Amino acid sequence: MLPSDGRFAPSPTGTLHLGNLRTALLAWLFARSQDARFLLRMEDLDTGRVRERFYDEQVRDLGALGLDWDGPVVRQSDRLDRYGDAIETLAARDLVYECWCTRAEIREAASAPHGDLPEGFYPGTCLRLTGAERAARRAEGRPPALRVRAGAASVTFEDEVAGTVTGAVDDFVVRRNDGAYAYNLAVVVDDAAQGIGEVVRGADLLDSTPRQLWLGERLGLPAPRHAHVPLMLGEDGARLAKRHGAVTLADRAALGETPDDVRALLAASVGLSEPGEAVTPAELVARFSPAVLAPRAGAAR
Ligand code: GLU
């Protein structure tokens with residue numbers, strides 16, 4: 001079994017809010033409570049949305065909360081060669097194909113009656129192109145995206161919080177038509193290269209995991225374990241967002257709360273402390289067990 005080394009992998013596209021911070025705290029607690037390494041990785045491949053100032057700000061906020069990590073903060077933008085190599089491996093195994101579909105075309109095709117594709121699944125339009133059609137598209141000069149040939153595979157895995165999860169894998173994009181490597185590719189390559197044994201992240205990414213496990217297997221990489229932790233909700237029961245008010249460390253500081261107060265709030269929100277109780281990071285490590293998050297048996301999913 002892989003060690004329980006973990007990571008937090010934010011995208012430097014905005015200020016971390018309480019929900020992100022709680023996921024980071026939990027990922028850190030999973031690793032540190034098992035005496036495992038904890039790494040910080042900036043997922044900055046979507047250059048259109050990344051802003052330089054958020055790298056430092058996110059690192060500062062995570063440090064202020066009391067988290068620490070091993071080694072330097074890694075940036076995916078420094079690791080493009082590895083993703084290119086992975087694409088070559090997939091291509092050599094005939095597991096990728098070019099796709100010229102626009103978003104609008106995919107939306108249109110997906111709403112046509114064509115069986116029982118889950119929502120958002122790529123309907124395989126470019127997989128069915130004839131050799132001549134493909135040559136014509138290439139000649140037009142518009143660059144294609146690259147998709148995997150997954151053939152609606154089904155993947156089942158044991159999530160440490162959500163229990164048994166089964167999901168379908170569509171022909172998802174591994175390299176966008178602007179040349180950017182896709183999250184699902186980079187995350188798989190990096191988690192394996194960095195020796196991550198336990199991926200702890202928000203439950204919003206649960207649906208991506210079958211794709212990532214499928215891809216890792218095709219690339220001959222070891223599969224990490226997964227724990228998808230509950231998302232923090234606002235008072236209205238909706239997933240926490242900016243509109244919920246004071247959701248960043250800076251917002252809370254303006255209300256007179258220190259990062260220690262915020263850590264206490266986050267810990268109390270998962271039952272690791274009493275509301276209003278001050279707790280150090282070390283005390284949380286001593287108290288933490290994945291069982292605080294949700295009983296596996298009967299987990300709703
Ligand atoms: N970079 C992704 C995000 O910020 C998280 C990736 C992951 O934890 O696998 O949503």
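For ligands, and for the atoms within them, numbers begin at 1 and follow the listed sequence. The figures here come from the full heavy-atom set of this structure, side chains too, leaving out hydrogens, waters and symmetry mates. Bear in mind that the values here come from a model prediction, so they are computed numbers and not experimental data.
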| query | With a cut-off of 4.0 Å, which atoms of ligand 1 are near a heavy atom of Y183? | reply | 6 (C), 7 (C), 9 (O)
| query | Are a donor atom and an acceptor atom from the side chains of E105 and T125 found within less than 3.5 Å of each other? | reply | no
| Among the heavy atoms of F8, does any lie under 4.0 Å from an atom of ligand 1? | no
| note | Residue, atom and distance of the protein heavy atom nearest atom 10 (O) of ligand 1 read L205 CD1, 4.1 Å
| Are W100 and N177 close enough that a side-chain donor and a side-chain acceptor fall under 3.5 Å? | no
| request: Within a distance under 4.0 Å of any heavy atom of V187, pick out the atoms of ligand 1 and give their elements. | output: 9 (O)
| request: For atom 5 (C) of ligand 1, find the nearest protein heavy atom and state the residue, atom name and distance (0.1 Å precision). | output: A9 O, 3.4 Å
| query | Would you say the side chains of S4 and R225 form a donor-acceptor pair under 3.5 Å? | reply | yes
| message | Does the Lys NZ or Arg CZ of R147 fall within the cation-pi geometry relative to Y122 - under 6.0 Å from the ring centre and within 45° of the axis? | response | yes
| note | In terms of its nearest heavy atom to atom 8 (O) of ligand 1, the top option of Q58, E43, R7, H228 is R7
| field | Distance (rounded to the nearest 0.5 Å) between L272 CG and L266 CG | value | 10.5 Å
